[in-house]
Structure formats: C-alpha cells, structure tokens
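Working notes for the structure below.
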Amino acid sequence: MPSIELDALVVGAGFGGIYQLYTLRKLGFSVRVIDRAGGVGGTWYWNRYPGAMSDSESFVYRYSWDREDLKTWPWSHHYLQGPEIREYLEHIVDKHDLRKDIQLNTELLSADWNAQQNVWRVTTSTNEVFQARYLITALGLLSTANLPKIPGLDDFQGELCHTSRWRDDIDLTDKRVGVLGNGSTGVQVITAISSHVKSLVSFQRSPQYSVPSGNRPVKPEYRQWLNENYDEIMDGLPKTSTCFGFTESTTTFASVDPNKREEVFQGLWDQGNGFRFMFGGYSDIASNKEANEAACKFVKTKIAQIVIDPEKARKLMPTEPYARRPLCDGGYYKQFNRPNVDIVNLQDTPIDHISSTGVKTTDGKFYELDALILATGFDAVEGSYTRVRFRGKSGATLADHWKGGPKSYLGSFVPGFPNLLMISGPQSAFTNAPPNIEVQVKLHCDLIQRAEKLRSAGTNTVIEPLPEAEADWGEYCNELANATLFPSVPSWIFANIPGAPSLITRFFLGGLAKFIEILDGVAQAGYDGFVAPLGSGRKEV
Ligand code: NA7
C-alpha cells in the first residue's frame, strides 16, 4: 500500500495536538493529526465519568493565542465540566478549519525511524502507512488506564467501568455502587453520584487532602473585568510557576505571625482551588515540613468538623504529608454524612477478592454491588508510549530506552529518536496544562523551522538531543524534586503503576517561568544539547 507522505504527523487530538496542527499548518507544513478516539478532546474525550471537571479555573483552562475567542466564548462557572471542555475544543477546531486535517478512529500501532530517508514510518489501526519527517506525539499524560489486579475482578457481573472509559449509557440511579480509588477522579465521582445512588461504598487505599474548589456561577461584571484584562492575564501566565492564574506566594510560613497563620489557611479554604491552597498562601507548603504539617493539620481539622460519624472521619483522615497533586472538590467529605454512603479503609481491611456480585474484604464483610467504578488512575506519562512500538535509529524501542524510568531532554526530545517531538513528555513542566503545552508547541515549531532551513540548504539535519543532555536534564529534575516533599509520598508524579521504576521524577517541578528561562539559555547557547547545530536565539511563532 502506498504511504501517505507528510512533513509532520501529530498523534493525539487534545489540547496539544490541536495547537501543534494549527501552528505547523500556519507555517506552511503538510500536517495530519491522528487520534484513536472518535472525536477531538484527548483526555476530555475519554473521561466522561460523572463529575469530570477541570480543576484549573475556567479563565486559564484554554488557549491564550486566540485573543478574540478568549473574550467571546461563553462559560458560566468558575470551573469547566468535561462536556464544556470538549465543546470548547470542537469549537476551536471548527473556527480554525482544522477538522480537515484531523483523522479520527485511527490508532498509531508502530513508529519506526528510517535512517536512510530520515523519516518516521508509522502504521495505524486503519491499515494505513504514514511517512513523516517529524513525528509529534501529543498522547496525553493520563491516557492509558491503570486496571488493578485484584483476584476475581473479571468475574464481576455487574457494571464494571474504568472512569476513563465511561459510557454515556451508564445509569447509576438507585444502584448499589462501589468506587475503587479516591484520587482526583474518585473524589469527583463520589461527590457527583452520592445523592442519587442507592448506596455507595468508597474503597479507599490512601486518604486524601482535598479542599473546596469554590465553584460558582460567573457574575457578568467578573467576566467583563476579565475581558478588559485578558491580554495582561494571559501574557502573565507563563511568568508564573503553576500557571493557575493566581498570585503565587513568596511568603514563607515561618515569616508569618503564628497567630495569623490559621487565617491565611482559612482564606485559601474559602476562596477554593487545590493549587491555590498549596501555592497561594505560603511559598513553602510543598517544601518545608513544618509548613506542610500545618496545612495537613488545617485540612484534618476541617474533615473532623465536616464528617459527623467519627469512624468515617477516622477513615478519611490522611496520614501522609500533603505532597500529592493537590485536589479540590465540590463537597467531597460531606457526602460521607449521607446514610447511604460508606467507606472502607483498605489499609485496615484490604480486598480479599471480587466475586460475580460484589467485593469481599479480609474482615469477612461482603459488599453486594450492582456497579463497580474503577477510579484507579493511569499508567501515566510513559504508559502511552510503552504500550506501542516506537523504534529509534539503533533499533531499540522507547520502552527499552526507558527501562530504568522515562527520560527526556526538556520534556520533548529523546536521544536515538530523531525528529520525535513529545508534547508533555516525561520531565516536562508540572503546571496547568494549556500554557505549558503552548510553550512546548512553540519550541517544536522553532526547531522544526531551523532544521528545515538547514535541510533546504543541503544539510541532513535532524532534531536529536545528546545523551548527556538527557542525563543532565534527568538529574536536574531529580534535584528539583528532591528539594520538595513530593518524593515522600507515592504518586504518579514518581511511579505511575505498581512496579514502575521510580528513580526518576516524571516531571520538571521548577515551574513554567523557570522552564522558559532555561529554554532561553539553551537557545542563546546555540541550542546546546542537540546533536546538530540548530542556530541560536529563540523565535516566537
Ligand atoms: P490517581 O490520582 O492516580 O488516583 C488513583 C486512585 O486509585 C488512588 O486513590 C489509588 O490509591 C487508587 N488505586 C489504584 N490502584 C488501586 C488498587 N489496586 N487498589 C485500590 N486502590 C487503588 O488517578 P486519578 O484518575 O484520580 O487522577 C489522575 C489525575 O487526573 C489527577 O491527578 C489530575 O491531574 C487529573 P493510592 O493513592 O495509590 O493508594
């Protein structure tokens, strides 16, 4: 079968893939996006579970580059529900006439670098073969579901569904429901369904700190103020670390009068948002033990106040430092005051097995269920890469290369895999996603333009980092992570699934502003860290 020849093939039609298509097309390249989903949206196409909501506020959970759209596209609440995010991305795709270059229901099966021709050869589930000089992966951090290995899980005869494979026809009304997992997703599901299921049991392995999101309808005067200030707000986002649209604190916990410290926490609690609670009141909650313990104590006091049944409150009480991705919710803890909502602490009483009709725990209790929801997270970050074959120039695969843990240079590039450019690859910045994606997309465009210029001048240039650049980046990311409390708690920031190597952090925890500063340095130094000389100076697209 003849192959389809392109300058660039982009894999994934979420925030990253859509913007990469837009930018490369604008630069005159032939580009196609493929996605295994039946629609655009990436993460938001798949995560249709009840309560799915972004916990970045609405005004920053969008692209910054269409300024007219920023001011005109409507949204009603301070946070966006999953369907609204899909609708927004559908709208962007239509508005910019991108749909004609997006091929849905097309899954990448393998990608092999052809070193003779300097092209990637990609096969897909549609039996097509693509040949592209640049392969840009926008696979998403969280797209390969983590399915727990629990004896008897496959025997369950009721509704069994992972939250990222939710079907619109699932109706839980008046059903006996079990929810396994209580990360961001589990917390949202439990909050959304408790009021209308017959009964709900949360099977919880690790209790979580969660603060209110502060979601509420948007007042017209707020939107007007935003519109008047949107340029400044969007230009300012990449100058911050987390890009959540609030002012990040520079005040250390110790510098605040002990009598005033509680007030700061209360103010953050009242305003809402998990990232604001962690980074908006004090600068060192995530790095200073004393500050962190104070935050933990504050949330635990709230749990004790909210949850009436002391036994349920005990089970909900976190024991770890506050050092996972911060959560927020629309009334999670108070759901446990409903008589139909119960909680099983799997650390006290692990699951013994699952049968056709329910879950049995090691204390002999049996929970009869009509539905079991798996909110068990993802084979995050590298999971989407290692489940298919990406074969580089030496014949080794990415899975081989990442045996000791996933690595990259600047979150985008891997030695031995020329012209493979990852959006949100391992060790990219840990921030509100869209601003970070925009920076990476622009970096890719800049480098592709440089490489193409050299190519038209007759040089066989590829974009490939040096092994030592990758090693140094990994080391630097680890150093930054080790200066925080995050490594003290197991989470998908370090090891995504049981048995995954956790020696290397999966993120750059230095923030986007710092990341951009580093990019500027790399560019000024003539793109050091890359095999081919790519020139110097960073160009905005
Ligand atoms: P997370 O945050 O990885 O949470 C997964 C949850 O599932 C967490 O509570 C896990 O417990 C639990 N889990 C996973 N495997 C098991 C088994 N085998 N038994 C019991 N419990 C289990 O995924 P989410 O989907 O909630 O959120 C991912 C990100 O999406 C989130 O951070 C946001 O960025 C959006 P554990 O804590 O490991 O003990």
Side-chain angles (χ1 to χ4, degrees), residues 14-15 42-44 46-56 61 79-80 82 85 140-153 161-166 178-192 201-210 213 242 244 273-275 278 315-316 318-329 332 343-354 359 361-362 372-381 383 424 428-434 436 486 488-500 502 506-507:
F15 267 99
T43 292
W44 299 101
W46 294 105
N47 282 276
R48 292 164 183 251
Y49 61 84
M53 182 186 96
S54 162
D55 58 9
S56 303
Y61 202 68
Y79 292 85
L80 300 167
I85 303 169
L141 291 169
L142 303 156
S143 55
T144 302
N146 170 40
L147 299 174
K149 291 182 179 56
I150 300 176
L153 182 64
C161 192
H162 188 275
T163 43
S164 71
R165 291 295 176 271
W166 199 263
V179 180
L180 185 63
N182 55 297
S184 274
T185 305
V187 163
Q188 291 186 338
V189 173
I190 290 167
T191 310
V201 184
S202 165
F203 294 97
Q204 172 202 265
R205 191 163 66 181
S206 312
Q208 294 272 349
Y209 299 95
S210 185
S213 65
T242 60
F244 271 76
N273 189 287
F275 275 80
M278 193 177 259
K315 290 178 182 167
L316 284 161
T319 49
E320 300 163 338
Y322 178 45
R324 292 170 182 244
R325 183 197 181 283
L327 306 187
C328 62
D329 65 81
Y332 166 63
I343 181 159
V344 173
N345 182 341
L346 296 179
Q347 288 179 18
D348 296 344
T349 52
I351 294 176
D352 181 69
H353 69 274
I354 296 176
V359 172
T361 45
T362 49
L372 180 57
I373 300 174
L374 303 176
T376 43
F378 298 88
D379 181 354
V381 189
S424 306
S428 59
F430 193 67
T431 70
N432 171 34
N436 181 39
F486 285 106
S488 65
V489 179
S491 80
W492 60 271
I493 298 174
F494 296 94
N496 48 350
I497 47 166
S502 60
R506 277 154 178 82
F507 289 94

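Only this structure's heavy atoms are used, side chains among them; waters, hydrogens and symmetry mates stay out. All of these numbers come straight from a predicted model, not from anything done at the bench. Start at 1 and go down the list; that is how both ligands and their atoms are numbered.
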Within reach of ligand 1, part of [X] (heavy-atom separation under 4.0 Å):
X: V187; answer: neither
X: Q204; answer: neither
X: S164; answer: neither
X: I351; answer: neither

### Task
Report the member of I150, L142, N47, N146 with the shortest heavy-atom distance to atom 29 (C) of ligand 1.
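Closest candidate by heavy-atom distance is L142.
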
Which atoms of ligand 1 are found less than 4.0 Å from any heavy atom of [X]?
X: T185; value: 24 (P), 25 (O), 26 (O), 27 (O)
X: S206; value: 36 (P), 37 (O), 39 (O)
X: G181; value: 6 (C), 7 (O), 9 (O), 12 (C)
X: P148; value: 18 (N)
X: R324; value: 37 (O)

### Message
Tell me whether Q204 contacts the main-chain N or O of K315 through its side chain, where contact means a donor paired with an acceptor under 3.5 Å.
### Response
yes

### Message
Closer than 3.5 angstrom, by distance alone: can the side chain of N273 be matched with the main-chain N or O of S56 as a donor-acceptor pair?
### Response
no

### Query
Taking the six-membered ring for Trp, are F244 and F275 parallel (under 30°), tilted (30 to 60°) or perpendicular (over 60°)?
parallel

Straight-line distance of [X] [atom1] to [Y] [atom2], nearest 0.5 Å:
X: S184; Y: W492; atom1: OG; atom2: CH2; result: 8.0 Å
X: I373; Y: L180; atom1: CD1; atom2: CG; result: 10.5 Å
X: L141; Y: N436; atom1: CG; atom2: CG; result: 8.5 Å

Considering both backbone and side-chain atoms of [X], is one of its nitrogen or oxygen atoms within less than 3.5 Å of a nitrogen or oxygen in ligand 1?
X: R205; value: yes
X: A375; value: yes
X: Q208; value: no

### Task
Ignoring hydrogens and angles, state whether a donor on the side chain of S210 or D329 is under 3.5 Å from an acceptor on the partner side chain.
yes

### Query
Does L346 reach the side chain of V344, with side-chain heavy atoms less than 4.5 Å apart?
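Yes, side chains in contact.
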
### Task
Might you point out which heavy atoms bring R324 and S491 nearest each other, and give the distance in Å?
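Here R324 and S491 meet closest at CG-CB, 4.1 Å.
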
### Query
Does F203 come within less than 4.0 Å of ligand 1, judged by its heavy atoms?
no

